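I have placed the structure first, in the form of C-alpha cells, so that the comments after it can refer back to it.
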Amino acid sequence: MKNLKKGLLVCLFLFPVLLFAQQDFKLHSHNDYLRNVPFWEAFGAGAASIEVDVILQNGNLMVAHEAETIKPELTLRSLYLEPIQKAVDLGMINAFGFHLLIDSKTEAYSTLEAIVKEVADFEGILFSPQNPKGLKLIVSGNRPKAEDYSKYPEWVFFLITKAKL
C-alpha cells in the first residue's frame, strides 16, 4: 500500500511535467538591439517574435528606448528588416511565420506613417492572404486611435490593451 501511494504521488507529479513538456512554445525577445547582431542572436535562440523600441528622429526610424541612447547606425531597417529579408531569402523564416512587435516611442501617426513607408520596401515578405506566414508587424506603445486601425495595411496589427479601449 505504501508503494502504491508513492507510485501514485510520482504519477501525479510527473503527469503535469510531461504534459507541460509537450507544449509548443514560441520565444519572444525584447531589447535585443543591445546585442552585437540583434536579429540573428534572437532568431538563432528560437525567438518567433522580437520587440523593437522605435523612435522617429529626423525622418529616420531609430532603434532605442529613449532619445538619449540613439546611435545613428541602429535603425529599424539595418537591425531587423534587412536581416529578416535575408532569413526569408535563406528559407529560414516562412516555415513558421514571424512577428515584429514595434513599440512606438514617438507620436503615433507620424511614426506609423514612417514605419509603413519603410516596411513597404519589403513587400514580398509581409503577411497577406497569399502569404499567411509572412512577417506581421504588431504595433504597441503609441498607437493611432482604434477607429483608424483599418486604414493601415493588412500586415500591420495593433496590440490592444484595456487602457486603449
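Just so we're clear, the structure is a prediction, and the values are computed from it rather than from any experiment. Here, residue 1 is the first one in the sequence, and each next residue gets the next number.
- Judged by distance alone, the side chain of Thr106 and the main-chain N or O of Gln57 form no donor-acceptor pair under 3.5 Å.
- Using bins of under 30°, 30° to 60° and over 60° for the plane-to-plane angle, the ring pair Phe43/Trp40 lands in the perpendicular bin.
- Cluster annotation: Tyr152 and Val139 are assigned to the same hydrophobic cluster (Ile/Leu/Val/Met/Phe/Trp/Tyr, side-chain heavy-atom contacts under 4.5 Å, transitive).
- Contact annotation: the side chain of Val88 never approaches that of Phe122 to less than 4.5 Å [non-hydrogen atoms, C-beta and beyond].
- Linking Ile, Leu, Val, Met, Phe, Trp and Tyr whenever their side-chain heavy atoms come within less than 4.5 Å puts Leu74 and Ile115 in one cluster.
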Start with the C-alpha gap between Leu76 and Leu100, add the side-chain angles, then the distance that decides, and say whether side-chain contact (heavy atoms from CB on, under 4.5 Å) holds.
CA-CA 11 Å; Leu76 180 63; Leu100 194 59; 4.2 Å; yes
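- Between Gly124 and Asn131, the closest heavy-atom pair is O-ND2, 3.8 Å.
- Looking at heavy atoms from C-beta onward, Ser128 lies out of side-chain contact with Glu123 at the 4.5 angstrom threshold.
- Going from atom CE of Met62 over to atom CD1 of Ile55 covers 9.0 Å, rounded to the nearest 0.5 Å.
- Inter-residue side-chain proximity for Val54 and Ser104 is flagged as unmet; no heavy-atom pair is nearer than 4.5 Å.
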Step-by-step side-chain contact (heavy atoms from CB on, under 4.5 Å) determination, His65 to Lys105
CA-CA 7 Å; His65 196 266; Lys105 299 293 186 184; 3.6 Å; yes
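- Residue Glu113 places its CD atom among 12 or fewer non-hydrogen atoms of other residues, nucleotides or ligands, all under 6.0 Å distant.
- Across all non-hydrogen atoms, the minimal contact from Thr75 to Pro72 is CG2-O, 3.7 Å.
- The CG atom of Asp103 sits 5.0 Å away from atom CD of Glu51, with the distance rounded to the nearest 0.5 Å.
- Taking each heavy atom of Leu56 and Leu61 in turn, the nearest pair found is CD1-CD2, 4.0 Å.
- If you take CD1 on Ile84 and CG on Asp89, they are separated by 12.0 Å, rounding to the nearest 0.5 Å.
- For the atom pair Leu81 CG and Ile125 CD1, the distance stands at 7.0 Å (nearest 0.5 Å).
- Rounded to the nearest 0.5 Å, atoms CG (Asp121) and CG (Leu126) are 10.0 Å apart.
- There is a path of hydrophobic side-chain contacts, each under 4.5 Å, that joins Val52 to Phe157.
- Using a 30° and 60° split on the angle between ring planes, Tyr149 and Phe158 fall in the parallel class, below 30°.
- The two residues Arg77 and Pro83 make their nearest non-hydrogen contact at O-CD, 3.9 Å.
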In sequence, state the C-alpha distance, the side-chain angles, and the governing distance for Phe127 and His99, and then conclude on side-chain contact (heavy atoms from CB on, under 4.5 Å).
CA-CA 10 Å; Phe127 168 84; His99 301 26; over 6 Å; no
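- Across every non-hydrogen atom of Trp155 and Leu135, the tightest pair is CB-O, 4.0 Å.
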Salt bridge (Lys or Arg N to Asp or Glu O under 4.0 Å) between Lys151 and Asp148: does it pass, once the steps are laid out?
CA-CA 6 Å; Lys151 296 177 182 176; Asp148 293 334; 2.9 Å; yes
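- Judged by distance alone, the side chain of Thr111 and the main-chain N or O of Glu107 form a donor-acceptor pair under 3.5 Å.
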